[in-house]
Amino acid sequence: MRLALALGRRNLGRTWPNPSVGAVLVAGPMGAERILAQGVTQPGGRPHAERVALAEAGEAARGATLYVTLEPCSHHGRTSPCADAVVAAGVARVVSAMDDPDPRVAGRGHGRLRAAGLSVSVGTLGAEAARDHGGHILRVTAGRPALVLKLARTPDGFAAGGNGRLLITGPLANARIHLLRAHSDAIMVGVGTVLADDPELTVRLPGLGDRSPLRVVLDPLLRTPPRARLVRTSDAVPTLILCGPDAPAAAAEALRAAGAEVLRVPGGPGERLDLPEALRRLGEQGVTRVFCEGGPTLADALARDDLIDACLIVTGSRPLGLPGVPAIGLDLAGLIASGTLVRTDEIRLGPDLFTTYARSSPCSPASSPMSDA
């Protein structure tokens with residue numbers, strides 16, 4: 001099962017709207033099994049992991065044991081149910097990490113297997129599987145993706161100086177951030193970040209350029225310039241801009257003409273978006289995992305609406321040494337102080353310190369987003 005989980009983690013960020021499932025087929029007596037085949041959900045969500053493993057094993061699957069990180073599907077979509085394929089292949093036993101809470105499945109897959117006479121065991125490394133599949137779980141139960149917030153700060157607690165952006169982290173930390181981007185369905189920022197930094201928000205690691213996820217900008221009044229880099233490169237990496245009901249129609253047309261997709265969502269207080277509704281709209285698009293790289297203002301707004309499932313704070317080694325913009329606002333600090341977010345991991349990469357906070361629920365989307373790498 002640990003191998004199946006590791007396989008599933010490889011394709012995190014590539015399979016939405018489907019979860020990234022790992023599957024391993026083995027044969028032989030308990031304790032002396034040999035691996036017949038391995039599978040992982042393929043980019044775009046099809047084929048599913050079970051079908052990949054079954055196709056690789058062929059006739060050798062008959063009488064074998066299948067380890068899978070999520071209940072095999074039982075509903076008809078673009079293909080017939082995986083549960084039926086497992087039965088047809090002659091698999092004798094299925095060890096599944098957890099039930100799939102998707103209402104279209106929700107125990108029916110395991111039920112089909114048992115009805116066909118297969119031995120079915122559920123729950124092996126279930127807590128780990130629930131963390132890995134946390135984005136899928138939230139989307140099918142709460143209608144929104146899981147959200148991991150990343151904040152960088154100086155040792156004296158600032159995200160920016162009086163003159164704006166700071167280069168806080170070193171190359172090892174930056175490489176890890178890019179790897180976390182590659183394991184996300186979407187990167188999200190506010191329009192303030194776009195205007196201040198003109199970021200590209202892509203994965204810039206050797207060999208992983210094709211892993212750049214959807215880019216999402218929260219822009220209530222559509223102030224994003226059509227010449228912004230993440231708009232101009234939309235033909236290579238899609239960009240979705242979420243705006244409010246009062247955003248100018250002309251600005252929306254200009255951004256669409258430049259290559260971005262624009263989606264209106266209800267407004268929130270002042271000139272802000274309704275953030276819970278914005279995330280629900282992303283869920284409707286099939287997004288399951290959001291990596292938010294917005295600054296302290298967006299972080300506090302997400303904290304106020306209790307939308308942060310994990311928070312990664314990266315502390316650099318060089319203090320600012322003068323007044324600046326605090327990295328952690330009162331609302332985010334309140335989630336940590338109240339125990340809603342608890343520290344789960346801390347590692348050092350070069351001179352930079354990565355501290356992870358996550359929801360204490362066993363089904364938290366990421367007890368440590370670092371484990372996705």
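Excluded from the calculations below are hydrogen atoms, water molecules and symmetry mates; all remaining heavy atoms, backbone and side chain alike, are included.
- A donor-acceptor contact shorter than 3.5 Å is absent between the side chain of Asp185 and the backbone of Trp16.
- Between the side chain of Thr233 and the backbone N or O of Ala236 there is no donor-acceptor pair closer than 3.5 Å.
- For the atom pair Leu282 CG and Leu240 CG, the distance stands at 6.5 Å (nearest 0.5 Å).
- A donor-acceptor pair under 3.5 Å is absent between the side-chain atoms of Asn18 and the main chain of His48, judged by distance alone.
- The two residues Ala27 and Leu36 come nearest to each other via the heavy atoms CB-CD1, 3.7 Å.
- Summarising the geometry of Ala60 relative to Ala64, their closest heavy-atom pair is O-CB, 4.1 Å, with the distance given to 0.1 Å.
- Residues Arg281 and Pro266 form a side-chain contact, since some pair of their non-hydrogen atoms from C-beta on lies under 4.5 Å apart.
- Under the 4.5 Å side-chain contact rule for hydrophobic residues, Val21 and Val140 do not share a cluster.
- In this structure, Phe158 and Pro323 approach most closely via the heavy-atom pair CZ-CA, 4.3 Å.
- Between Pro220 and Leu242 the shortest side-chain heavy-atom distance does not fall below 4.5 Å.
- In this structure, CG in Leu218 is found 8.0 Å from CG in Leu279, a value given to the nearest 0.5 Å.
- Looking only at side-chain heavy atoms (C-beta outward), Ile137 and Met98 come within less than 4.5 Å of each other.
- The CG atom of Leu70 sits 4.5 Å away from atom NE2 of His133, with the distance rounded to the nearest 0.5 Å.
- For Asp197 (side chain) and Pro199 (main-chain N/O), no donor-acceptor pair under 3.5 Å exists by modelled atom type.
- Gly109 and Ala83 get closest at one heavy-atom pair: O-CB, 3.9 Å.
- For the salt bridge (charged side-chain N to carboxylate O under 4.0 Å, His left out) with Asp309, the qualifying choice from Arg289, Arg139, Arg131, Arg359 is Arg359, the only one to do so.
- The 12-atom threshold is not exceeded at CZ of Arg2, counting heavy atoms of other residues, nucleotides or ligands nearer than 6.0 Å.
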Next item on the list: Report the C-alpha distance between Val94 and Val86 in whole Å, list the side-chain angles of each, state the deciding distance to 0.1 Å, and finish with yes or no for side-chain contact (heavy atoms from CB on, under 4.5 Å).
Entry: CA-CA 9 Å; Val94 173; Val86 172; 4.0 Å; yes

Item checked: Pair Glu293-Arg181, side-chain contact (heavy atoms from CB on, under 4.5 Å): steps then yes or no -> CA-CA 10 Å; Glu293 297 193 56; Arg181 287 180 177 182; 2.6 Å; yes

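- Looking at Leu5 and Leu125, their side chains come closer than 4.5 Å, going by heavy atoms from C-beta outward.
- When side chains are defined from C-beta on, Val148 does not count as touching Val290, because their heavy atoms never get closer than 4.5 Å.
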Next item on the list: Under the side chain to side chain donor-acceptor pair (under 3.5 Å) rule, what do Thr224 and Asp219 come out as? Steps first, then yes or no, please.
Entry: CA-CA 7 Å; Thr224 299; Asp219 186 0; 2.7 Å; yes

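- Counted within 6.0 Å of CG on Leu172, heavy atoms from surrounding residues, nucleotides or ligands total more than 12; the atom is thus considered enclosed.
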Item checked: Stepwise side-chain contact (heavy atoms from CB on, under 4.5 Å) test for Leu263 and Gln285 -> CA-CA 11 Å; Leu263 180 64; Gln285 300 271 322; 4.1 Å; yes

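- Looking only at side-chain heavy atoms (C-beta outward), Val87 and Arg112 stay at 4.5 Å or farther from each other.
- Arg348 places a side-chain N or O within donor-acceptor distance of the main-chain N or O of Pro351, the cut-off being under 3.5 Å.
- Across Pro72 and Val105, no two heavy atoms sit closer than the pair O-CG1, 3.9 Å.
- Of the possible donor and acceptor atoms, none in the side chain of Asp305 sits under 3.5 Å from a partner among the backbone N and O of Leu307.
- Checking side-chain atoms of Arg51 against main-chain N and O of Ala85 turns up no donor-acceptor pair under 3.5 Å.
- Hydrophobic clustering (side-chain heavy atoms under 4.5 Å, transitive across Ile, Leu, Val, Met, Phe, Trp, Tyr) keeps Leu312 apart from Leu353.
- A salt bridge does not link Arg215 to Glu200: none of the charged side-chain nitrogens sits closer than 4.0 Å to a carboxylate oxygen.
- Side-chain atoms of His178 come within 3.5 Å of backbone atoms of Arg204 as a donor-acceptor pair (strictly under, hydrogens ignored).
- Side-chain contact of Arg9 with Thr69: a donor-acceptor pair under 3.5 Å is absent, judged by distance alone.
- A side-chain donor-acceptor contact under 3.5 Å links Thr169 and Asn174.
- Here CG of Leu332 is found 9.0 Å from OH of Tyr357. Values are rounded to the nearest 0.5 Å.
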Next item on the list: May I have the step-by-step check of salt bridge (charged side-chain N to carboxylate O under 4.0 Å, His left out) for Arg108 and Glu71, ending in yes or no?
Entry: CA-CA 9 Å; Arg108 296 182 183 90; Glu71 177 180 10; over 6 Å; no

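- Other residues, nucleotides and ligands place no more than 12 heavy atoms under 6.0 Å from the CZ atom of Arg318.
- Under the 4.5 Å side-chain heavy-atom criterion for Ile, Leu, Val, Met, Phe, Trp and Tyr, Val287 and Met188 are members of the same hydrophobic cluster.
- Salt bridge absent: Glu284 and Arg280 never bring a charged side-chain N and a carboxylate O closer than 4.0 Å.
- The side-chain hydrogen bond (donor to acceptor under 3.5 Å, both in side chains) with His136 is formed by just one residue from the set Asp100, Thr288, Thr141; it is Asp100.
- Using a distance-only test at 3.5 Å, with no hydrogens or angles considered, no donor-acceptor pair links the side chain of Thr41 to the main chain of Gly45.
- One distance of note links CG of Asp84 with CG of Leu113; it measures 8.5 Å at 0.5 Å rounding.
- When side chains are defined from C-beta on, Asp274 counts as touching Pro276, because their heavy atoms get closer than 4.5 Å.
- Minimum interatomic distance between Leu341 and Ile308 (heavy atoms only, all atoms of both residues): CD2-O, 3.7 Å.
- Transitive grouping of hydrophobic side chains (ILVMFWY, heavy atoms separated by less than 4.5 Å) brings Val194 and Leu255 into a common cluster.
- For Asn11 (side chain) and Arg14 (main-chain N/O), no donor-acceptor pair under 3.5 Å exists by modelled atom type.
- In this structure, Ile35 CD1 and Tyr67 OH are separated by 10.5 Å, a value rounded to the nearest 0.5 Å.
- Side-chain contact between Met1 and Val95: present, with at least one pair of heavy atoms (C-beta onward) separated by less than 4.5 Å.
- With hydrophobic clusters built from ILVMFWY side chains whose heavy atoms lie under 4.5 angstrom apart, Val189 does not share a cluster with Val265.
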Margin query: Run Val262 and Leu222 through side-chain contact (heavy atoms from CB on, under 4.5 Å) and show every step you take.
Written below: CA-CA 9 Å; Val262 178; Leu222 286 182; 4.2 Å; yes

